[in-house]
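Before any comments, here is the structure.
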Amino acid sequence: MTSNNPQTREWQALSNDHHLAPFSDFKQLKEKGPRIITSAKGVYLWDSEGNKILDGMAGLWCVAIGYGRDELADAASKQMRELPYYNLFFQTAHPPVLELAKVIADVAPEGMNHVFFTGSGSEGNDTMLRMVRHYWAIKGQPKKKVIISRKNGYHGSTVAGASLGGMTYMHEQGDLPIPGIVHIAQPYWFGEGGDMTSNEFGIWAANQLEEKILEVGVDNVGAFIAEPIQGAGGVIIPPDSYWPRIKEILAKYDILFVADEVICGFGRTGEWFGTDFYDLKPHMMTIAKGLTSGYIPMGGLIVHDDVVEVLNEGGDFNHGFTYSGHPVAAAVALENIRILRDEKIVERVRTETAPYLQKRLRELSDHPLVGEVRGVGLLGAIELVQDKATRKRYEGKGVGMICRTFCFENGLIMRAVGDTMIIAPPLVITPAEIDELVTKARKCLDLTLSALQG
Ligand SMILES: *Cc1c(COP(=O)(O)O)cnc(C)c1O
């Protein structure tokens, strides 16, 4: 705790004395003290020391329309005054949730016309697990319970979410995964492709799904869940061969396909959903994050008509949350989607800012530390290596964390996943702000290289 600012020191003391932070080493955080973020506008954050920081991660991938949009605050305030809360249990509803379900159906792929609302992405995936099993039970196939997921995928942090996810460091705490969830390899060519070409590896990774279905038995498999692009795992863009082969396998076996759209949804790829980008045709899509641009918590599950038809015959679905479809969250989501549509933000990502970001980001490929630059839409990853040709890493040096710290100190937020630096800026980022992001990223790569050599 080195700040000279008494206000910063006071907040850090409160953190020490009272706060347990998510995904943090509690003791280490006490020693260092958290950085205190106090305000934000557009793509920029300000901390309690007065530093201005370009947020290359849109918070946690969520602040699609940028910070500081008064329209969302006004929508929340108006809804709080009119109807701050009512639930959707026991055959009641309220206007904002109904209007929101309709607007989501408008932007969702064809046939995806119903939404079950939750408070978060994790709850969306818990809902998925229960709905998939309920669906198969109604169809007289109650044994079809197993969900196939992928190593290093991220599906949230509730017990079901963390089990569906493939993060071993999460599984280790709390005896996860729960029964009935199995994992296959991820399509991470740079990290795991070995001597295969990217497309050979894509086919190999996709074939793991078929092998797993046959191993578990198709009569026992309920669904396959995957992110169109793995986000938290390190912005893993599947080889071109991957999704077409997965689609062939899914067509061959009678199982449901769930796309976890929590990151890719609402414009991140330049299409409304990652499934539009890859033409995936899922039965269910988990949503959260960009749904409200993170201004207020909300998630959900979009369900295909074919599935709803079966669920309609199943009597009560004994599942729901106190805050399912919360009216204030629904009002904020409606205003967020209105802005995304009226300001043609998704179109602008597709035609202007995504191509520009991808072009500028790839210029970093010439840097001696950089083994690969990849990205789609406004998602990007930079692999840090010791040897470009062999993709050999700087073992045990924590290069990603070194780089991340330099970024923070130089007014840029990039996240480190191991030695992979990742970005996902707000969808409203301008070309000039992209220039600033790439210039700062190069500077931090230089600083990281010097630190490794020094
Ligand atoms: C963030 C995330 C989740 C979990 O969402 P929460 O709102 O944090 O529960 C689920 N899936 C993906 C792909 C995510 O990125």
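Counting starts at 1 for both ligands and their atoms, in listed order.
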Give me the nearest non-hydrogen protein atom to [atom] as residue plus atom name, then the distance to 0.1 Å.
atom	answer
atom 2 (C) of ligand 1	K289 NZ, 2.6 Å
atom 11 (N) of ligand 1	D260 OD2, 2.7 Å
atom 9 (O) of ligand 1	S122 OG, 2.5 Å

**Prompt:** Under 3.5 Å, is there a donor-acceptor pair between the side chain of D47 and the main chain of R35?
**Reply:** no

**Request:** Give a yes or no on whether the backbone of S157 and the side-chain of S122 come within a donor-acceptor separation of less than 3.5 Å.
**Result:** yes

**side-chain contact (heavy atoms from CB on, under 4.5 Å) involving P297 - partner list, sequence neighbours excluded** = none

[X]: numbered ligand 1 atoms lying under 4.0 Å from its heavy atoms:
X	value
G121	4 (C), 5 (O), 6 (P), 7 (O), 9 (O)
H155	10 (C), 11 (N)
I263	15 (O)

**Asked** Charged N to carboxylate O below 4.0 Å: is that the case for E210 and K252?
**Response**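 Salt bridge present between E210 and K252.
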
**Message:** Salt bridge check, E383 against R393: does any charged N sit closer than 4.0 Å to a carboxylate O?
**Reply:**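 Here R393 pairs with E383 in a salt bridge, since their nearest N and O are under 4.0 Å apart.
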
**Under-4.0 Å heavy-atom contact with ligand 1, by part of E227 that carries it** =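 The side chain, only.
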
Check residues 167-177 and write down every donor-acceptor pair under 3.5 Å in which the side-chain atom is one partner and the other belongs to a residue at least two apart or another chain.
unit_1: H171; atom_1: NE2; unit_2: A162; atom_2: O; d: 3.1
unit_1: H171; atom_1: NE2; unit_2: G165; atom_2: O; d: 2.8

